[in-house]
Structure formats: structure tokens, C-alpha cells
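Below, each value reflects all heavy atoms present in this structure, side chains not excepted, and no hydrogens, waters or symmetry copies.
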Amino acid sequence: MRKCFTSGADARSLVMTHATDSSRNLLRTCPLCEAVCGLELTLDSGDHIKSIRGDHADPFSRGFICPKGATLGHLDEDPDRLTAPMIRDRASNTWRAVSWDEAFGVIRERLPQVSAAYGNQAVGLYLGNPNAHTIAGALYVPLLIRALATRNLFSASTADQMPKQVSSGLMFGDPLTVAVPDLDRTDYLLMLGANPLESNGSLCTAPDFPGRLKALKQRGGRFVVVDPRRTRTAKLADEHLFIRPGSDAYLLFGIVHTLFAENLTTVRVGVSGLDELRAAAAPFTPEVVAGRTGVPAETVIRLARELAAAPTAAVYARIGTCTAEFGTVAQWLVDVINVLTGNLDSPGGAMFPTGAALGIVRTRPFRTARWTSRVRELPEAMGEFPVATLADEILTPGEGQIRAMVTVAGNPVLSAPSGARLDAAFADLEFMVSVDRYLNETTRHADVILPPPRILQAPHYDFALLNFAVHNYARYSRPLVPLREGEMSEAEVIARLALAVSGQEPQEGLDPLTVVDEIVIAGTLHKAGLSDRRAELLGENTTEQRIDLMLRLGPFGEWAGGAQGMAARALNETPSDAAGDGTLPGGLNLQVLLDNPHGVDLGPLQSRLPGVLLTASRQVELAPAQLLEDVARLRDRLAAEAPEMVLVGRRQLRSNNSWLHNVPPLVGGSNRCTLHINPEDALRLGLNGLAVVKSAAGTVTVEVEPTADIMPGVVSLPHGWGHGDSTQQVARAHAGVNANVLTDDSLVDAPSGNAVFNGVPVTLSPA
């Protein structure tokens, strides 16, 4: 193995450094965003957090910590979080705390009744963002999906990153094969619609993103940001370019056009569709796209030349480009440019991380639209429907109408488009159950709420996020606080829920979680041809043994010749190339991570093509048919008249979607729900104080905050607010308005079904 391995004794001494009789220092990964920062926490004798610092010995985050991570203790012990299962009396709309057995008993009785009366499709499932940050979400939610046996699956993915995953799936054959910028080695970074100084990065796991960007500049590199707002990230950049919201695909096509027109292409990987791509780019000259984007033609040409001339370069685009009408086309063009400039799968360019844990082994090329939604016939992607049509499926009568819902760690009333409509839809359900730590804008419609325990009572390994890391790395955190009598882990909650929705009770003397784990372990070992090695798995429980198995079978694991070898052959990648450096590192298992609680450095990103490709051609597909079809729609929009004013979203450093507004230290200051507007627009429209903002979907009244950091013709509202009816005291006192009252769930990105939150036409008037 590589560096940052220490002996178990050394590791234990590091964990307990400066511990006293009344307090102890412990380590874990922060679970609040995609940066996976290491934390050092001091707990008192009552298991309360006294202080939190960044873990300076973590080889990836190196002591970095943001305001959210520093206040993890407030969230962990929030006095408003639920500590026992809750049941709602519909007649009086009142809640009472109940035992776990009673809560699961109600679910076991009521939800199967809906399925029996109307069929399995009458039940829907919504998964919120926190599922990507928990072991329970990664390992046990799939069990719940199978138990429900419904195609009506929805998640926060179609309000966020689905365009990137669809474009990656169509280009590389696997939606989880996502190229990330090799931040620590690149010479030139072009960033669109991303604000990592506030978000900490997304689909690009990079703790201390600000420090990495500063290091890029210090080594003589160039950093350019394209955004309709002059964000904190844009202010750090060498250059910031304003762009009209929703027009990123035009700018990127202008760059592609220039690369072809000036013979600036350097393709270093096997590709198909180059001629079709050239033809598709022909109409999008720099002069044509300048009129649509507001970016001058000479600037478009210069960007193309700079990308082509840089020793290494990467284009990176995130949520601002995904949540637009042409999000998938924009994400496709990001990787097209990385290919054409010779920077895909090359150090300093856009590369494919190697996650340490064995993931999903796919053997067939990715495709969408295997089935369509009932009402609007929108295509599925990655097994789920767009959240933008969830309200349709609940409110529209007919066979297959959703009449019951299960939500897990999500608040779509605030986070999904047309929030008011979805609020009314949930109120119309016959039955609803939520796994959530709060009674919030969504869960208030539930009949049963099942709360997970404190954050510190859960183990942590980032199965999903480490597959997007800018440096190969692994870290595991055991629970820091034991479960008390009567408490249930989140994994146990999900396992029991999966039984209950099927109408089943746990068998006496058998733990449902252990039963499930043993079945998965046995099946995985059998497929890997390692059934005789069950006794070698490490761990205090079967969950840890599953993690141990995934690490051993992963590309750095001591059993990498098993399932990983099978996966490698399926992907036309020999096992010896799985780590990317021509050798099998070997040796990684759970004990290695336990002995190295600060994390393990697995080395810089390595070239992985063509091995990771799962396309039919075994090449990078530069011109997928589905995307060329959407290019025709993009071309038709060139002549469309731009609205006078449009709305975009806004990231905030001390906020995270809809669930950090109840933390007192994070609310206030710049973390407020205000409408950013250019001073010229505010003066022209007579806006001072409060403004009425109207769209085709709804109306809000909000405080105006003029700022020259937003381009004329654009206004911005932060997402995740609107807590007027919340039981969370701090959130209710700083309620703000729900920006998704203004977004329209009838508008989606066609290839992916992703909701459109940016470029929403609005009108404004004084309140």
C-alpha cells in the first residue's frame, strides 16, 4: 500500500491525544457535504460535543473545516430533532410519541392495504440528499426499494446532478463513471455554474476546495469562472465572465466550434462520432452564441485557444448548468471539450477516480427510457422518474395513481419545483411514512415518522462520494457514541421498514439487519468464488463485515482478483490495471482503515481508459443519438427572445439545502433569504425594501438586497428556505421564502428529466 499507513498502536494514541478524565478526543468524517473532511471532536463524559476542529493528520482534508462542520454538534443534539417514533392522528392533526413496535405495526397494517387495493405502483418512494452521505442510505435503502417493488422512485438527483450522470452514461457507458478535474495538477481550470467556495464542491470531492484553487494560481496556473453572479469563487478567479442563465450549452458549443474551426483538437483517447460532433457544432459560431450568452465572440475564441494551449486543462461545470433547460447537453459538452483538448483521462485534466470499495458491477451499456412515467410519459433515468412529475403522479386520478408515499431523509416540499403544488399533493395521500429526524414541511403530512439516532451514533464511510474524489483516499469512522436502550440505528430502521412495507414482522430471535447482511455477504462471496472465506471477514457486526468485504474486493483490496477481477473482465480491464498504475496494490481491508483512523492516502488519480468504458463500441461516444436530438432543440432556441428578468438559485456557505436552518450559529449575517438584484434593475423597477416576485408557477414577497455582484436582468434567491410552518424554532424565526414556489414543474431538461431552477422568467414589482 501507499503512504499514510500507521500501526494500530500509533493510530490509537492519535485518536486519544489530549484526552482527560472528563473528556476525550475522537475522530470521524464530516457527513454534511461532499467534501468528506476529517474532524477531531472533543466529547465530555456525557457524550456531548465540547469542540470540533479539523483533523490535521487527515491526508486528504489536512485540517480544513468549514462553518457547517464546526457546528456539527448543534445539529447532532438539536433540541427540535425527534427522538422517538411519531404517529399523527389525522382527525385532530396532532402527534404522539410511540414505541418502535407500534410505529412499525401501523405501517405493516396500512401500507400493504394500499398496495393490495391499488397495486404496487400506488406507492411512491422519495430519497433525499442525505442518503448519499450515510452507510444506511448506501447499503440498506436498496433493500427498501426492492421491498416496495414500485417503479415510482424519485430522489433529489433529478433536482441536482442527473444531467451529469446521464451524459456520463451515454458517453462512457456507466452513469457513475464521472470525470472530475485533477485539481492538484492542472494548469488551467474553466468552471461554469459552480461555487465551491460556498458549496465545498459537488460531484468533485475535494476538501479545502478554496486552498486547492489558490494553489493552482500559486503554481502559475489560470482559473476562469463563468457565472451570472460574481460569487466568492468568481472573486478568487483570475477572470470572471457574466453569462445569461441557461445559456451555458451555447458557450460550450462555441468553444467546440472554435476548436474544430482552428484545428486546435488533440484527441488522445479512442472515440467514435467525431464527424457527427463536428457537424452538430457547425451552427454555433462564436458570433452566434455571443448573442445568446452575452459573452463576446472574441472571448469565446480566446477561451478555446487557452484551453487548447495550456499544458494541462480541465473544464468543470456543476449545479448552475445542470438545473437548466439544456443541462445534459451542457454536461456532455464539458467532457467533449476535455476530449478535444487532449485532457480527458490525462494527469492535470479530467480524470476518473478509483473508489476503494467494490461498487455496482455493470455489464451492459447505460440507457434511459426503459419505462416512462404514467402522466407525462417522462423517461426514467437510473431507475427513477423526475421529481418534477411527482405531484402529477399523486394528483392525477387513474390506474397507477400514487396513493401512499415513503420519504427517506428528504424535504421535497422545499427542494422540488412547484413546492406549493407538491405540498397539496402530499396532503391528498391516503398514507405516508417518513424516515427523518425532523417534523418539517414534508414530514408534517406523514402518518408515521421514524427518526434516526444522533449523527455521532452512526458509522461513516463515503461509498458514493469517494468515487468522485480528486485524489484516491479512504476513511472509515465507527460510531462515537453507543446507542442507548430503546434506540435504533438508521440501518435497523430501514431494515425493519422494508419488512413492514411488505406486511412482515421480524422473526422471533432473528435480527432483520443481520439476516439481510448475511444474505448479501453470502451472495457476493459466491459470485467472487470466495465462499470459503466467510470466516475471514472483520468487523464488530455484519454491517462492518459488509464494508470489509467491499474493501477486500475493491481495486486496492487483498481479494481484488475476485469480484473486482470479474468486473474488470466485464469492462475489458485486466485486474492488474484496476488501480491504474499497472500493479495490484493489495492489502486494503477494514482493519487497515481502523488502524489508520485519519484516513489512507491511495495516491493521485491514474489514467483508466479504455478499461472503465462500458459503451458498445468500447470507445468514448462523442455523439450519442439522444444528445444530438436535443441539439436540434437547442438550435431552435437560438432565435427565442430572452425574458426581461430571470431567476437563478444561490449557494450559501453556512447553509445546506433545507436542513441546516435550525442551527443558531449558522443563521444570520450573510446567511439570509434575500433577493439579490443588480442596483440598476432595482432603480429601474422602483424596488426598495420588499419586492413581489411572480412567475408562471407562483408569487413570493421577499426582501430586496441590491448588489453589483449579479448581472443586470438576473435576480437570485437561495434554496431551501420557507419555514413558516416549521416546528423547528430557529428555522421558523428565520423563515424566508420558498424559491420553488416560483419554479415550474412542467419544465425539465429533456434527456435527464432534471428540474429547471435556473433561468426562470419572472416579473418584479414593489410590495
Side-chain angles (χ1 to χ4, degrees), residues 82-128 136 140-154 390 393-395 397 399-410 412 425-440 442-453 486-516:
L82 302 177
T83 57
M86 305 291 289
I87 289 180
R88 177 168 67 103
D89 178 81
R90 287 203 171 203
S92 61
N93 197 32
T94 56
W95 292 88
R96 61 186 176 92
V98 299
S99 68
W100 288 104
D101 286 342
E102 183 175 352
F104 286 118
V106 171
I107 298 166
R108 191 165 54 247
E109 175 187 356
R110 295 283 306 281
L111 200 141
Q113 289 178 351
V114 174
S115 297
Y118 307 108
N120 289 345
Q121 304 312 311
V123 181
L125 174 64
Y126 177 84
L127 305 173
Y140 301 104
V141 165
L143 172 69
L144 177 61
I145 295 172
R146 288 194 294 272
L148 289 170
T150 178
R151 285 182 171 177
N152 280 314
L153 172 62
F154 306 84
L390 176 54
E393 296 296 328
I394 298 174
L395 295 173
E399 185 177 354
Q401 178 185 5
I402 294 178
R403 299 171 184 268
M405 280 293 302
V406 178
T407 68
V408 183
F426 283 149
D428 202 43
L429 291 167
E430 293 185 18
F431 186 72
M432 180 170 166
V433 56
S434 295
V435 179
D436 207 289
R437 64 181 65 247
Y438 290 116
L439 179 59
N440 60 29
T442 294
T443 63
R444 69 189 182 96
H445 295 294
D447 295 275
V448 181
I449 304 177
L450 307 172
E487 292 182 323
M488 190 175 289
S489 73
E490 186 174 4
E492 291 175 296
V493 171
I494 299 296
R496 284 283 303 271
L497 178 58
L499 277 179
V501 300
S502 304
Q504 301 178 54
E505 293 186 63
Q507 296 183 36
E508 187 174 351
L510 292 179
D511 172 26
L513 193 63
T514 302
V515 171
V516 168

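Residues meeting the side-chain hydrogen bond (donor to acceptor under 3.5 Å, both in side chains) test with Asp511, sequence neighbours left out: Thr514. With sequence neighbours left out, the side-chain hydrogen bond (donor to acceptor under 3.5 Å, both in side chains) criterion links Tyr140 to Asp517, Thr543.
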I would like to know whether Leu127 and Val141 meet side-chain contact (heavy atoms from CB on, under 4.5 Å); could you show each step before the answer? CA-CA 9 Å; Leu127 305 173; Val141 165; 3.7 Å; yes
From CA spacing to verdict: salt bridge (Lys or Arg N to Asp or Glu O under 4.0 Å), Asp101, Arg496: CA-CA 10 Å; Asp101 286 342; Arg496 284 283 303 271; 3.4 Å; yes
Before you tell me yes or no, could you show the steps for Ile494 and Leu143 under side-chain contact (heavy atoms from CB on, under 4.5 Å), namely the whole-Å CA-CA distance, both residues' side-chain angles and the distance that decides it to 0.1 Å? CA-CA 8 Å; Ile494 299 296; Leu143 172 69; 5.5 Å; no
Assess whether side-chain contact (heavy atoms from CB on, under 4.5 Å) is satisfied between Leu499 and Phe104, documenting all intermediate values. CA-CA 9 Å; Leu499 277 179; Phe104 286 118; over 6 Å; no
Residues Val435, Leu144; criterion side-chain contact (heavy atoms from CB on, under 4.5 Å); working and verdict: CA-CA 12 Å; Val435 179; Leu144 177 61; 5.9 Å; no
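Pairing each heavy atom of Ala149 with each of Asn120, the nearest pair is O-CB, 3.3 Å. Val98 and Ala84 make their closest contact through O-CB, 4.4 Å (heavy atoms, listed as atom of the first residue, atom of the second, distance). In plain terms, the two heavy atoms of Ile107 and Phe431 that are nearest each other are CA-CZ, 4.1 Å. Closest non-hydrogen pair, Leu429 versus Ala404, comes out as CD2-N, 3.8 Å. For Pro451 against Arg437, the heavy-atom pair with the smallest separation is CB-CA, 4.4 Å. The two residues Trp95 and Arg444 make their nearest non-hydrogen contact at CZ2-O, 3.7 Å.
Ser99 and Glu102 share no donor-acceptor pair across their side chains, judged by distance under 3.5 Å alone.
Arg88 places a side-chain N or O within 3.5 Å of a backbone atom of His445 that can act as its donor or acceptor partner. Between the side chain of Trp100 and the backbone N or O of Pro85, no donor-acceptor pair lies under 3.5 Å. No side-chain donor-acceptor contact under 3.5 Å links Gln121 to the backbone of Thr150.
Side-chain contact between Gln401 and Tyr118 is absent, with no heavy atoms from C-beta onward closer than 4.5 Å. In this structure the side chain of Pro452 never reaches within 4.5 angstrom of the side chain of Val493, judged on heavy atoms.
Between Leu111 atom CG and Glu430 atom CD the span is 10.5 Å, to the nearest 0.5 Å. To the nearest 0.5 angstrom, Thr443 atom OG1 is 4.0 Å from Ile449 atom CD1. Here the straight-line distance linking atom CG of Leu390 with atom OG1 of Thr407 works out to 10.5 Å at 0.5 Å rounding. Here the OG1 atom belonging to Thr94 is positioned 11.5 Å from the CD1 atom belonging to Ile87, to the nearest 0.5 angstrom. Atom CG of Leu82 sits about 7.5 Å away from atom CG of Asp436, to the nearest 0.5 Å. From Ser502, atom OG reaches atom CZ of Arg146 across 11.0 Å, with rounding to the nearest 0.5 Å.
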